[in-house]
Amino acid sequence: TTVANTSSGLVAEEVLASNQAIFKTELDLIHSFLPPRDLEIIRRMIFLGPKTKRFTLVLDLDETLVLSKARITPAGKEDIEIQIRPFALSLLEEMSKGFELVVFTAAEADYALQAVELLDPKGLYIKKVLSRRSCIEIKPGSWIKDLRIFGDRNLKEMLIVDNSLIRFAFQLDNGIPILPVSYTHLRAHETLRYLVCRLLLEKK
């Protein structure tokens with residue numbers, strides 16, 4: 001049994017129902033995308049090294065694990081306030097037992113490292129952090145995270161969790177959509193706890 005094609009359907013059903021309009025719009029947009037050229041994949045190819053777990057779980061950052069807000073400090077400088085999503089730390093702790101964890105964001109590297117330092121200050125859970133330089137701009141303003149850049153991992157043993165279908169547009173079978181943390185309804189937070197439960201069941 002492979003992870004792809006099994007977990008995604010189990011976890012995504014309620015999330016898709018809750019955010020159906022947004023996801024439908026994204027799917028319509030995805031259908032207009034042309035696949036990235038092989039050269040674009042090769043240019044971004046990375047190697048994670050020896051596997052520590054059989055499966056690899058790729059996690060989005062903004063709106064999935066954290067919420068960031070720009071603010072002005074008393075000194076008049078712009079700063080970024082980063083809030084951790086409820087149940088995000090539990091997700092990292094539990095999932096690291098059965099998956100190698102990679103954070104993959106379309107944000108810039110400096111911000112990504114700052115947020116990951118808040119999430120995993122001792123470096124116990126997250127194996128690798130990827131930022132915008134590893135993404136592909138498939139259309140102006142539409143950045144995708146093509147899992148084929150992981151040169152030493154099998155797509156059948158990879159999952160990606162993101163609040164946007166566009167991010168995993170060309171590996172939809174590997175994707176688990178999740179409600180963004182900015183979604184005001186409590187179900188947005190509950191879906192992350194639900195994700196933990198479903199992935200734990202999948203590992204048994």
Side-chain angles (χ1 to χ4, degrees), residues 2-4 6-8 10-11 15 44-69 79-135 145-147 149-164 167-168 171 174-182 188-204:
T2 60
V3 173
T6 55
S7 294
S8 54
L10 291 171
V11 180
V15 179
R44 294 165 175 81
M45 192 78 72
I46 66 156
F47 298 89
L48 296 178
K51 294 181 71 170
T52 54
K53 303 290 191 302
R54 178 183 175 186
F55 300 115
T56 303
L57 181 61
V58 180
L59 297 166
D60 176 42
L61 189 58
D62 272 321
E63 301 287 355
T64 297
L65 295 176
V66 301
L67 176 66
S68 62
K69 297 179 180 178
D79 192 19
I80 297 178
E81 177 185 359
I82 302 173
Q83 299 175 349
I84 297 176
R85 181 179 188 150
F87 308 118
L89 298 181
S90 298
L91 175 84
L92 295 177
E93 182 178 359
E94 291 298 328
M95 291 303 97
S96 67
K97 297 173 184 177
F99 297 81
E100 57 179 5
L101 303 184
V102 176
V103 166
F104 196 171
T105 177
E108 298 295 342
D110 289 346
Y111 164 75
L113 293 174
Q114 181 183 351
V116 168
E117 175 67 22
L118 188 64
L119 287 163
D120 187 16
K122 296 182 179 180
L124 298 177
Y125 310 126
I126 298 169
K127 181 171 186 174
K128 185 75 174 178
V129 181
L130 300 179
S131 59
R132 177 167 294 186
R133 69 186 66 173
S134 296
C135 297
K145 305 168 184 178
D146 198 310
L147 298 182
I149 70 169
F150 292 90
D152 55 353
R153 293 297 183 266
N154 188 333
L155 274 177
K156 293 181 179 180
E157 296 177 348
M158 300 188 72
L159 288 173
I160 179 169
V161 178
D162 206 298
N163 65 287
S164 172
R167 300 292 185 241
F168 49 88
Q171 286 92 37
N174 299 77
I176 301 177
I178 191 166
L179 291 175
V181 68
S182 58
H189 303 323
E190 288 294 314
T191 52
L192 197 59
R193 184 164 65 178
Y194 176 69
L195 174 64
V196 174
C197 295
R198 294 308 311 185
L199 288 177
L200 286 175
L201 286 173
E202 184 65 30
K203 287 297 296 169
K204 292 182 178 180

key: Stepwise side chain to side chain contact (heavy atoms under 4.5 Å, CB included) check, L59 with L92   = CA-CA 10 Å; L59 297 166; L92 295 177; 3.7 Å; yes

task = Give me the one residue out of I126, L119, D120 that meets side-chain contact (heavy atoms from CB on, under 4.5 Å) with L65.
result = L119

message = Under a 3.5 Å threshold, yes or no: a donor from one side chain and an acceptor from the other, between T56 and E100?
response = yes

note = Note: T64 and R85 closest approach over all heavy atoms is O-CD, 2.8 Å

message = Please give me the minimum heavy-atom distance between I176 and F168, naming the atom from each residue.
response = N-CZ, 4.1 Å

Interatomic spacing from CZ in R133 to CD1 in I46 - rounded to 0.5 Å = 12.0 Å

remark   = Interatomic distance, CG@N163 vs CG@L61, rounded to 0.5 Å, equals 10.5 Å

key: Carboxylate-amine/guanidinium contact D60 R167, below 4.0 Å   = no

task = Go through V66 and L118 one step at a time and tell me if the side chain to side chain contact (heavy atoms under 4.5 Å, CB included) criterion holds.
result = CA-CA 10 Å; V66 301; L118 188 64; 5.6 Å; no

request  = Quick one: pull up NZ in K127 and CG in L48 and give me the separation to the nearest 0.5 Å.
outcome  = 5.5 Å

task = Mind listing the closest non-hydrogen atom pair of A112 and V129 along with its distance?
result = CB-CG1, 4.0 Å

ask   = Under the side chain to side chain contact (heavy atoms under 4.5 Å, CB included) criterion, do S68 and D62 qualify, and how do the steps go?
value = CA-CA 7 Å; S68 62; D62 272 321; 3.3 Å; yes

query = Roughly how far, to the nearest 0.5 Å, is CG of D110 from CD1 of I80?
reply = 9.5 Å

remark   = Between the CE atom in M158 and the CG atom in N174, the distance rounded to the nearest 0.5 Å is 7.5 Å

remark   = What one should report as the nearest heavy-atom pair of E108 and S131 is C-CB, 3.9 Å

ask   = Taking C-beta and beyond as the side chain, do K145 and C135 meet within less than 4.5 Å on heavy atoms?
value = yes

ask   = Is the NZ atom of K128 crowded by more than 12 outside heavy atoms at less than 6.0 Å?
value = no

message = Ring-plane angle category for F150 and F104, please: parallel below 30°, perpendicular beyond 60°, tilted otherwise.
response = perpendicular

query = Between atom OH of Y125 and atom CG of L91, what is the distance when rounded to the nearest 0.5 Å?
reply = 11.5 Å

message = So which atom in D146 and which in Q171 form the shortest heavy-atom distance, rounded to 0.1 Å?
response = OD1-NE2, 2.9 Å

